[in-house]
2 protein chains.
Amino acid sequence: MSRRVTLKEVAVRSGVSYQTVSKVINGQVQVAPDTEARIWQAVRELNYRPNYTARSLRAQRSFTIGYSWRPSPPDQANPILDTFLQSMFHAAEQRGYYLLCFPYHSDTQRQIESYRELMETRRVDGFVLSGVEYNDPRVLFLLEQKFPFVAFGRSNPDLHFPSIDVDGGYGLRLATEHLLAQGHRRIAALAWPEESRVGNNRMEGYFSAMRVAGIETMAEWIQRGEGRYAFGYEAARRLLALPAEIRPTAMVCLNDYMAVGAIKAVQDGGFQVGSQIGITGFDDTPIAQYLTPPLTSVRQPVWEIGERLIALLLNLLEAKETAQEFETILMQPQLVVRASSRKADQPDLIPKEVMRDP
Amino acid sequence: MSRRVTLKEVAVRSGVSYQTVSKVINGQVQVAPDTEARIWQAVRELNYRPNYTARSLRAQRSFTIGYSWRPSPPDQANPILDTFLQSMFHAAEQRGYYLLCFPYHSDTQRQIESYRELMETRRVDGFVLSGVEYNDPRVLFLLEQKFPFVAFGRSNPDLHFPSIDVDGGYGLRLATEHLLAQGHRRIAALAWPEESRVGNNRMEGYFSAMRVAGIETMAEWIQRGEGRYAFGYEAARRLLALPAEIRPTAMVCLNDYMAVGAIKAVQDGGFQVGSQIGITGFDDTPIAQYLTPPLTSVRQPVWEIGERLIALLLNLLEAKETAQEFETILMQPQLVVRASSRKADQPDLIPKEVMRDP
DNA sequence: AACGTTCGTGCGAACGTTCGCATTATTAGT
DNA sequence: ACTAATAATGCGAACGTTCGCACGAACGTT
């Protein structure tokens, strides 16, 4: 851990004042070509790197972005975390920023304290939020404090802040239309409770696709509960126990875990998943493709979301955009069709135009 | 984003010099009880928080730890990332530190540059490494630079640095012994290439358990390849194609993805997983318990590892330990027994003492 | 009564930058 | 040749802390 090279040493070597060196390095002033050359050479020879802390102190910016997320339960891993984080790291690095990650506290009070601490100690210049919900306390707090942030996900329509969200409605519409194209008419939905903003968005796609197809959805087809394996299993059992005339032949699920539970219930009930009962998930969990049968699922453009969130936030911080985008940017997910939703196991048997997008 | 409260303002309000306030806050000096009370009251009233950047500049420490990890391929999520990160965040927060996460570059040169940049700009006080291998360039670099770090995983035996590793050998020994207790004799292993340090450690457990049981392992039983689904599938097919007298009746796999592939191959081959062919994985991927049949797997004490790594590093940084532990701390994983390795599907049918630990 | 000790507090400096303005050197315009 | 404008560089201050040392008061000790 050798002693650091400072501006002054570079200045001595290149025969100018250290302030001039600073200005040249930051491109804030024009100097004689040979002076500039001498300075850069000294920088290289001494392997000078600006002390980030000193720079932050003076410039009143930390070049750091804060991020925290709700940990997933141990039996239900977050399928996009790794990619999401890496995409943000890369986007930030390119513009000289880093990400500071901090623990998630479920207690609202403590959670807000975490954010307050980081902003008031000037450790971060802005935040990225994810999984925002209606009346999210973090959103309310940061808006009130006028502290820069961007969010993955929408909140109340009357709260205005830059955010990116996946068009979950579109995703579910794709899934539903795909099942319709397979010939299914009685399509059930394994959904989240009505309070879930994300859940409601997704369900809109299901309802609209059914409406367009001229099918009246039955209340019994909508099963709401926690998005877990156990709920998926139970909900699917209930659906299969309905009288044959109204018993669904397909189920769209709001996430993969419910879908996995549903697959198991369907198989335990003696039905064939895919050829008899079509099932789709959401998230395209990595292991989904290795299930038996492989799970059809909706995949989010995670990498791009991370990149764009960071770009949005940095533009905000560097005030590049005078007229800022405070509306939600919607990104389109894609449907990955696999055997769990196909009537025939051979992909070839399905007409191309149906496979692409019904 | 209101103007910040500084030490001086607290000092004015409590009627002492700002340096005294600093010392009281940091507990570096004893003052008269009423002075101390006045100071703390002023701190509370003004809601003072030390400016972290200024503190870092003066103290020459950033109270920040750097961490970077190799991203998992999109079809094969890192099952422990979320927990591992959160455990480190919590442990660090308790001692006033945060984690700075930065992108992983597979190009060695650029990777080292990332580490160099962070240490030379004084942005971090130390690093946590994970997934270290033989002659890991990061380890060599940091040792040479004498920069503090700890690692999850071992490297060359002759390189001395504080690290924690999971006793993968013990894990595989548990798995192997469990299969032996189920009556299996011909047990195969789906392993990684011989260059893998982690892989070799794990395999030792397999070999030792077989040796203790008095079974000579056959070269054909050891399948080495990439730890992915496709390899697991192919390797299992090859094993099932062996002549009946030497065909394995069980397989231990070095990770869950290979195990999932193996399960599929076994089922495609017309065998029953569990009752006929026993299979075990490693990592206890969240979805493992929802497979058909649920997968027996080795689970690592991830949370505890994260906590202890941070504790180790912070002790190093704060020089609490004069005689530092530079040896690898080994942590014991546990075997989670599920149906994929049980002869009978009813847990009750298996003798208690066998279930616990053969 | 003079003298160490301890306790409580203050002072100046330093950490390594960036920023605004002042100063000097250079060139162009009359 | 004299001033005005421009280009190139320097200077002092500031960002908000922490650190080492010094200083005065109160205290007990010989």
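What you see below is based on every heavy atom in this structure, not just the backbone, and it leaves out hydrogens, waters and symmetry mates. So you know, we letter chains A, B, ... as the sequences are listed, proteins then strands, and number each from 1.
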To the nearest Å, how far apart are B/Asn26 CG and D/dG16 C1'? 13 Å
In this structure, which one of B/Val128, B/Val124, B/Asp125 forms a side chain to side chain contact (heavy atoms under 4.5 Å, CB included) with B/Ile65? B/Val128
Spacing between A/Ile25 atom CD1 and D/dT9 atom P, to the nearest angstrom: 15 Å
Strictly under 4.0 angstrom, non-hydrogen atoms only: write out the protein contact profile of nucleotides 5-15 of chain C, one letter per nucleotide from the 5' end, B, S or -. ---SBBBBBBB
Pick base, sugar-phosphate or nothing for A/Tyr48, based on heavy-atom distances below 4.0 Å to the nucleic acid. sugar-phosphate
A/Glu93: partners by salt bridge (charged side-chain N to carboxylate O under 4.0 Å, His left out), with sequence neighbours left out: B/Arg110
Those residues that, when tested against B/Tyr104, pass side-chain contact (heavy atoms from CB on, under 4.5 Å) (two or more places apart): A/Gln86, B/Ser68, B/Arg70, B/Pro71, B/Ser106, B/Gln111
Under 4.0 Å between a side-chain N or O of A/Ser22 and OP1 or OP2 of C/dT18? yes
Under a 3.5 Å cutoff, is there a donor and acceptor pairing between the side chains of A/Arg123 and B/Asn51? no
Spacing between A/Lys8 atom NZ and D/dC11 atom C1', to the nearest angstrom: 12 Å
Looking only at side chains, do A/Gln109 and A/Glu113 share a donor and an acceptor under 3.5 Å apart? no
Inter- and intrachain pairs under ring pair (Phe, Tyr, Trp, His ring centres under 6.0 Å), touching residues 41-65 of chain B, at least two apart: B/Phe63-B/Tyr97
Assign the ring pair A/Phe147 / A/Phe127 to parallel, tilted or perpendicular, where the plane angle (0 to 90°) is split at 30° and 60°. tilted
Please enumerate all residues that pass ring pair (Phe, Tyr, Trp, His ring centres under 6.0 Å) together with A/His105, with sequence neighbours excluded. B/His90
So if I take the C1' atoms of five pairs at each end of the helix from C/dA1-D/dT30 to C/dT30-D/dA1 and get each local axis, what angle do the two axes make, rounded to 10 degrees? 60°
